[in-house]
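Below is one structure; the comments refer to it alone.
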Amino acid sequence: MDRFVVRGGRALSGAIPVGGAKNAALPIMAAALLSPATSRARGVPKLNDVETMVRLLEILGARVSRGEHEVVIDASSVNSVTAPYDLVRTMRASFYVLGPLLARFGRARVSLPGGCAWGPRPVDLHIEAMKALGARVSIEHGDVIAEAERLRGAEIVFRIPSVGATGNAMMAACLAQGTTVIENAAREPEMPALAAYLNGMGAKIEGAGTSRILIEGVASLGGGDDAIIPDRIEAGTFLVAGAITRGRVEAVGADPSHLGALMSLLREAGATVETTLRGVAVSMDRRPHAVDVATAVYPGFPTDLQAQIMALLAVSEGTGTVTETIYYDRFTHVPELQRLGADIRLEGNAASVRGVPSLFGARVMSTDIRASAGLILAALVAEGSTAISRIYHIDRGYEAIEEKLRGAGADIRRERET
Ligand code: EPU
């Protein structure tokens, strides 16, 4: 296992390239299963989660080849509809194969993902959507089994605008007979990106990116070929890195239209945030002001940037509150930030963060992708050296983050854990 060793105290300065979005690439790779043709995605980040999806597609019988940032999927040879527990439990996004397999083959067997470090994360909305489209769904030996000769268009009304369930429903409905309407659909940018990819395969989807998506089913789909949108969470992480170290960072390739909530929050904290020709830049020359933030569905403040913003508040002037409304228990980074000297009080789904003038390096442990990002940011300003272990979590969602941060002057290195 590897760990990061970070020596804090350097102001970051420079341009950092933003890669393709993990959470757009994963459903798009699953979408390739909808067609017997060959699909291609460009700008796919090199991440462990992408590798997991490649392995899953191969287990299903697809032939996958990889270029530097490209994935080519030949789904003509798919000969299994079973996604096994060993893969699904390591990555929940594996559940995205449910809709495509069911729609194309009339049957899918996908293991229930189980819980994760910060809570139960159910899949009931995915199952309800498949049932609404006419599938018979049962749960046997920990697997979800869905069957239908041919799915029928339906009205699906989500209780919560779930990203994954919206994506799964959209993919399944593409090959259903008749028209499907998804109400209270997730509006995260990864959803219109998925819809655009599916439309490129011959699907007829309108309204993705709004809370009402209309899908007219078609008899078959061809191959897809598109570029993955930039990763708004990776971009946001770099912008917070610029602000927390009181430096200047330009996230090159970032799409400012996806980063509105973070950009306003950073401004409120005293940073200068600008849209540049190449992306978004942040600069900060003082300690941040404390701010209050509550996570929310898009276009609200993303839960995937909650740990990073908490790191910023940990060194702010004053006391700010972080309220988590998407995943009530997503606070595994709190005890680790406390080890670095952060003054955080947790009460239910809210954390009260009293800023301290300095954090101090210590040994900490990463627990999930975004918690680890928060720890790296805190380590960049902590006095002395911080060792962050179990960084396989961060390799799931950030491509070569240490190289990218080093490019802007950070003192961070990867070493083998002894
Ligand atoms: N929910 C249900 N039932 C369901 C599905 C979701 O109750 O069937 C609840 C969840 O428990 C949660 C809320 O709905 O409280 C929203 O969950 P959602 O389904 O939107 O999340 P997801 O699709 O499982 C994606 C991202 C997550 C990100 C969330 C929220 C991917 C692969 N994952 O998860 O990203 O936190 O949306 O924006 O797109 C990450 O990248 O580190 C990550 C965890």
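Just follow the structure's listing: the first ligand is 1, and inside any ligand the first atom is 1.
Contacts of Y298 with ligand 1, taken as heavy-atom pairs under 4.0 Å, are absent altogether. Residue contacts with ligand 1, taken as heavy atom pairs separated by less than 4.0 Å, involve L125 via backbone and side-chain atoms alike.
Not a single heavy atom of H393 sits less than 4.0 Å from an atom of ligand 1. Using a non-hydrogen distance threshold of 4.0 Å, A186 does not register as a contact of ligand 1. For E190, the heavy-atom gap to ligand 1 stays at 4.0 angstrom or more.
Considering both main-chain and side-chain atoms, I326 comes within under 3.5 Å of ligand 1 through a nitrogen or oxygen pair. When only interatomic distances are considered, the shortest N/O to N/O separation between D124 and ligand 1 falls below 3.5 Å. Taking only nitrogen or oxygen atoms, main chain and side chain alike, K22 reaches within less than 3.5 Å of ligand 1. For G164, a nitrogen or oxygen atom sits less than 3.5 Å from a nitrogen or oxygen atom of ligand 1, counting backbone and side chain alike. No N or O atom of A93 sits closer than 3.5 Å to an N or O atom of ligand 1. Looking at E188 next to ligand 1, no N or O pair under 3.5 Å apart turns up.
Less than 4.0 angstrom separates some heavy atom of R330 from each of these atoms of ligand 1: 36 (O), 42 (O), 44 (C). Each of the following atoms of ligand 1 lies closer than 4.0 Å to a heavy atom of R159: 7 (O). Near V163, meaning under 4.0 Å from any of its heavy atoms, are these atoms of ligand 1: 18 (P), 19 (O), 20 (O), 23 (O), 37 (O). Within ligand 1, counting atoms from 1 as listed, the ones closer than 4.0 Å to a heavy atom of H126 are 8 (O). Of all the atoms in ligand 1, the ones that sit under 4.0 Å from a non-hydrogen atom of P122 are 2 (C), 3 (N), 4 (C), 5 (C), 6 (C), 7 (O), 8 (O), 11 (O).
For the residues L194, N23, I233, the heavy atom positioned nearest atom 33 (N) of ligand 1 is part of N23. Remark: among candidates F158, Y96, Y327, the nearest residue to atom 22 (P) of ligand 1 is Y327, based on non-hydrogen atoms. Considering only non-hydrogen atoms, atom 28 (C) of ligand 1 lies nearest to D304 out of I160, D304, D231.
Here R414 pairs with D395 in a salt bridge; the nearest charged N to carboxylate O distance falls below 4.0 Å. We find that D2 and R413 are not joined by a salt bridge, their nearest charged nitrogen and carboxylate oxygen being 4.0 Å or further apart.
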Begin from the C-alpha positions of E128 and R159 and carry the test salt bridge (charged side-chain N to carboxylate O under 4.0 Å, His left out) through to its verdict. CA-CA 10 Å; E128 275 171 30; R159 169 174 55 81; 5.3 Å; no

Check against side chain to side chain donor-acceptor pair (under 3.5 Å), Q308 and T237: CA-CA 7 Å; Q308 297 88 318; T237 302; 3.1 Å; yes

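Looking at R89, R109, R107 one by one, the single match for salt bridge (Lys or Arg N to Asp or Glu O under 4.0 Å) with D143 turns out to be R109.
Under a 3.5 Å cut-off, the side chain of T38 and the backbone N or O of A75 do not form any donor-acceptor pair. Under a 3.5 Å cut-off, the side chain of S77 and the backbone N or O of G61 do form a donor-acceptor pair. Judged by distance alone, the side chain of E399 and the main-chain N or O of K46 form a donor-acceptor pair under 3.5 Å. Checking side-chain atoms of S35 against main-chain N and O of G222 turns up a donor-acceptor pair under 3.5 Å.
Looking only at atom types and distance, the side chain of E336 has no donor-acceptor partner in the side chain of T367 under 3.5 Å away. No side-chain donor-acceptor contact under 3.5 Å links Y298 and R232.
In R152, the CZ atom is not crowded: 12 or fewer heavy atoms of neighbouring residues, nucleotides or ligands sit closer than 6.0 Å.
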